[in-house]
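Here the structure comes first, spelled out in structure tokens, and everything after it is commentary.
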Amino acid sequence: ALTVKVEPVGRWFEARFKRQHHRTSGSLRDSTQDVTGEDSESEEEEDLIEEEEDDIGLQGLDPSDWKSQDHYAVLGISKSRYRASDDDVKKAYKRRVLRYHPDKKKARGEDVGEDEHKFFSCITRAFEILGNVTKRRAYDSVDPEINDDIPEVDEDSKSNFFEVFTEVFERNERFSTKKSVPKLGDEKSTWEDVDRFYEFWYAFDSWREYSYLDEEEKEKGESREERKWIEKQNKVARQKRKKEEVIRIRTLVDNAHACDPRIKRFRDEEKKRKADEKRAKQDAIKAAALEREKERFAAEETIRLQKEKKNRSKSQALVAKKEKEAHKKALRKVKKQLRETCKSNDYYAENEEQKLHNMQEVEMLCEKLSHTRLTALIENLQTNSEADAVAVFQKEVKLVNDEIEKEKQEELMKQRESQAAKDGGGGGGGGGKGKEWNDEDLKLLIKAVNLFPAGTGQRYEVIANFINSHSTSGISRSAKDVINKTKNLQRLDPSMKEAVNKKAFDKFEQSMSRPKKEDASSNPSERYANGGEKPWTTEEQKRLEQALKTYPAQTAERWDKIAGAVPNRSKKECMKRYKDLVAIIKAKKAAQEQAVKAK
């Protein structure tokens, strides 16, 4: 009968292949078998993949001598070897099983003898080794196909350095435990690249280990002591081979370093650079000596010229001295004349207070005006009538005060610019203009200076913390900033000077006008006095404090009772006074705590 063989195509072929190799079943497989009239064994025989290697010579392998066998050749992947992936090894093993398994051969009608059983045992052993990551690495470390040859240091290696050594390093770089291995490079490689290459290879860490070559297996030991002795002997042998491998790699790197033409070029360049530096240093020494000689000659010439100039200027100095003395004498004379003129006209004043003020102005004019301006002023005062002389005097005083004020403002601006530059250059508080004091911070500074008088512990640290706590500018002020700003304001700000002087004068008048024995309870508390409000006396303060203790917070109608205990004070005034005291005490505590933390 004529048998028609139908081959599946497309996705049906793929499905059949998967069923064959994964032992699946399905209706498509059954239908294919019905059409072809063949069983699964015949399909496997048709789909055998052609082997990579010729199997001649492998059939007579002895399974007991498995350590001397080429396991990659046994599985038919001798060309791929260590480059074969785990999947490649599994696929090769499956192909070998399909072809050389005794049951498969019997199914195909082939004779199965002792050699076939031995060869299949070798296949199984090969897969046990190559299919396990640890055992495969041990076998790859001693693969008989590994070329451990090292080029010698000779003329051929030097003249053909890159052709000779590139292949050797590429062959050995697969043994590195680090994945990123620098390349040998070429003639154009930089010194950094070459240095990195040799530094890596001189510290080369190889993963090769030699447990595969152990002469005896530890598991074969009959007792614990024998197994321990076998393990010790194997360890000694492994360390010896590992040491030989390290020496081999070191010899390879040494030979490459000795033959590398770039090393010689870099050394020549370094030698030339050092020679150039030495030459430049010697030239610099010579130039410095020549410069010193020129400076010595110039100094001698300068001394000679100075002596000549000194001798020449002695007479000029005497003349200048006489002129200066004459100018001082004339200035004293004209100052005396101005004082006498003003004194004879009763200092152009209408009362004693104005007279005292004008006397100070006359001294100021004598101090500030030059000889020419003093002479012109005296002439104007003497030639004009009394009323006109008063106007001339007042006009000159105003003009000089304006000039003084202008000079002060200019000096103040210079000081502020200098301080701002110092603060900005110091890098503190935000840099640049960040150290400038705005109106809010200045008000806080004045308030804190009055709030924490001299004698307060760590006064300026407390003031700085008070400003930092209440300021909204976001600028951090240090104690040094507060000290500098306070001194600048006291030294440069005329309005602040005037306010301080006025306050001192008012206190002096009060002390002179009040009787010697005065009840302290009638004196207002200057420390807590507010601008337009009636100040609290010491007696009122004591009564308020006693009422606060007498009537605690739980007392009904507390503030009415407290106001009744403090004469001449309303409920609203007592509550406001209490809030002000609480705010001041909290501010002091917070500032002192921050000062302690800042230390």
Side-chain angles (χ1 to χ4, degrees), residues 437-483 485-487 489-490 496 499-500 502-504 506-507 510 519-555 558-599:
W437 290 75
N438 53 27
D439 294 339
E440 179 192 1
D441 289 356
L442 287 174
K443 290 179 181 178
L444 289 173
L445 174 62
I446 295 172
K447 182 177 179 180
V449 169
N450 294 326
L451 190 61
F452 307 104
T456 304
Q458 301 177 353
R459 184 190 183 198
Y460 289 103
E461 287 81 357
V462 173
I463 292 174
N465 291 328
F466 177 82
I467 296 173
N468 294 334
S469 299
H470 294 79
S471 175
T472 60
S473 62
I475 301 174
S476 178
R477 307 289 182 185
S478 63
K480 186 176 181 182
D481 296 335
V482 173
I483 294 172
K485 189 61 180 178
T486 305
K487 289 182 178 179
L489 289 176
Q490 292 175 352
M496 189 171 182
V500 174
K502 187 175 183 305
K503 187 175 181 181
D506 293 342
K507 286 185 178 181
Q510 291 177 6
D519 188 6
S521 63
S522 62
N523 292 334
S525 177
E526 292 181 0
R527 183 173 184 180
Y528 299 107
N530 295 325
E533 298 179 1
K534 180 182 176 181
W536 282 67
T537 63
T538 307
E539 182 64 25
E540 290 174 340
Q541 180 68 26
K542 289 181 178 179
R543 287 179 177 272
L544 176 63
E545 293 176 359
Q546 183 60 40
L548 289 171
K549 296 178 182 177
T550 304
Y551 305 109
Q554 297 81 8
T555 305
R558 181 191 185 199
W559 289 104
D560 293 330
K561 296 179 180 179
I562 292 174
V566 182
N568 302 325
R569 292 293 178 179
S570 64
K571 174 182 175 182
K572 183 177 181 181
E573 288 177 329
C574 291
M575 292 177 69
K576 187 175 185 303
R577 182 63 170 172
Y578 173 73
K579 291 180 180 179
D580 292 341
L581 292 175
V582 171
I584 291 171
I585 292 172
K586 286 183 177 179
K588 281 188 176 182
K589 287 184 178 180
Q592 290 175 353
E593 288 177 358
Q594 291 182 6
V596 173
K597 291 179 180 179
K599 277 190 170 185

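It should be emphasised that the depicted structure is a prediction, and the values quoted were computed from it without experimental measurement.
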Can you measure from [atom1] ([X]) to [atom2] ([Y]) and round to the nearest 0.5 angstrom?
X    : Y    : atom1 : atom2 : result
E440 : I475 : CD    : CD1   : 10.0 Å
L451 : I446 : CG    : CD1   : 13.5 Å
Q546 : Y551 : CD    : OH    : 9.5 Å
S469 : K586 : OG    : NZ    : 13.5 Å
Q458 : T456 : CD    : OG1   : 11.0 Å
R477 : D441 : CZ    : CG    : 4.5 Å

Under 3.5 Å, side chain of [X] to main-chain N/O of [Y], donor-acceptor pair present?
X    : Y    : result
S471 : N468 : no
D481 : S478 : yes
R543 : I562 : no

For [X] and [Y], work out which heavy atoms get closest and say how close.
X    : Y    : answer
F466 : L444 : CE2-O, 4.1 Å
R558 : L548 : NH2-O, 3.5 Å
L544 : C574 : CD1-CB, 4.3 Å
A464 : A479 : CB-N, 3.9 Å
R569 : E540 : NH2-OE1, 3.0 Å

With the side chain counted from C-beta on, respond yes when [X] and [Y] share a heavy-atom pair under 4.5 Å apart, and no when they do not.
X    : Y    : result
V449 : R459 : yes
W536 : D580 : no
L581 : Q541 : yes

For this session: Could you check I467 against W437 for side chain to side chain contact (heavy atoms under 4.5 Å, CB included), going step by step and ending with a plain yes or no?
Result: CA-CA 11 Å; I467 296 173; W437 290 75; 4.1 Å; yes
For this session: Decide, yes or no, whether a salt bridge links E573 with R577 under the criterion of side-chain N to carboxylate O below 4.0 Å.
Result: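 Not counted as a salt bridge, because no side-chain N and carboxylate O are separated by less than 4.0 Å.
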For this session: Check the surroundings of atom NZ in K542: do more than 12 heavy atoms from other residues, nucleotides or ligands lie under 6.0 Å from it?
Result: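 No, not enclosed.
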